[in-house]
Amino acid sequence: ICRGRSNRLDCIVRIFEKGLEAITRSGRDGITQPEIASIIGVDTKICFHHMKPLLKYELVTRLPVASKKSFTYLCIFTD
């Protein structure tokens, strides 16, 4: 998402936009953090740090789930 961009703030805003867009598109079924990481182009281990503001402002709810034999979180848009 941020390759070739000179403005770091613009890059961060795009990451939040793409992450929130992916979560809202998933509807009530939600989307896992690894799927979000793939969409926004970040490592799955740091995806949580990009989701923190969405959680802080209660735009997203996280639920623990088992996915592909590992533990992760399902992110659901908060109505």
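For the pair Cys75/Thr61, no side-chain contact is recorded, criterion being any heavy-atom separation below 4.5 Å from C-beta on. The shortest side-chain heavy-atom distance between Ile23 and Ile76 does not fall under the 4.5 Å cut-off. Within the 4.5 Å cutoff, no side-chain heavy atoms of Leu59 are placed close to those of Thr78.
Here Tyr73 pairs with Phe71 under the ring pair (Phe, Tyr, Trp, His ring centres under 6.0 Å) rule; sequence neighbours left out. Legend: residues meeting side-chain contact (heavy atoms from CB on, under 4.5 Å) with Thr24, ordered by chain and number and at least two apart, are Leu20, Phe77.
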**Report entry** Step-by-step side-chain hydrogen bond (donor to acceptor under 3.5 Å, both in side chains) determination, Glu35 to Thr32
**Finding:** CA-CA 5 Å; Glu35 292 171 321; Thr32 63; 3.1 Å; yes
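Considering all non-hydrogen atoms of both residues, Lys18 and Ile39 come closest at O-CG2, 4.5 Å.
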Tabulate below the donor-acceptor pairs under 3.5 Å that side-chain atoms of residues 43-58 make, not counting sequence neighbours, or state none.
residue	atom	partner	partner atom	Å
Asp43	OD2	Lys45	N	3.1
His49	ND1	Lys52	NZ	3.4

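How far CD1 of Ile36 is from CD of Glu21: 12.0 Å, rounded to the nearest 0.5 Å. To the nearest 0.5 angstrom, Glu17 atom CD is 12.0 Å from Ile40 atom CD1.
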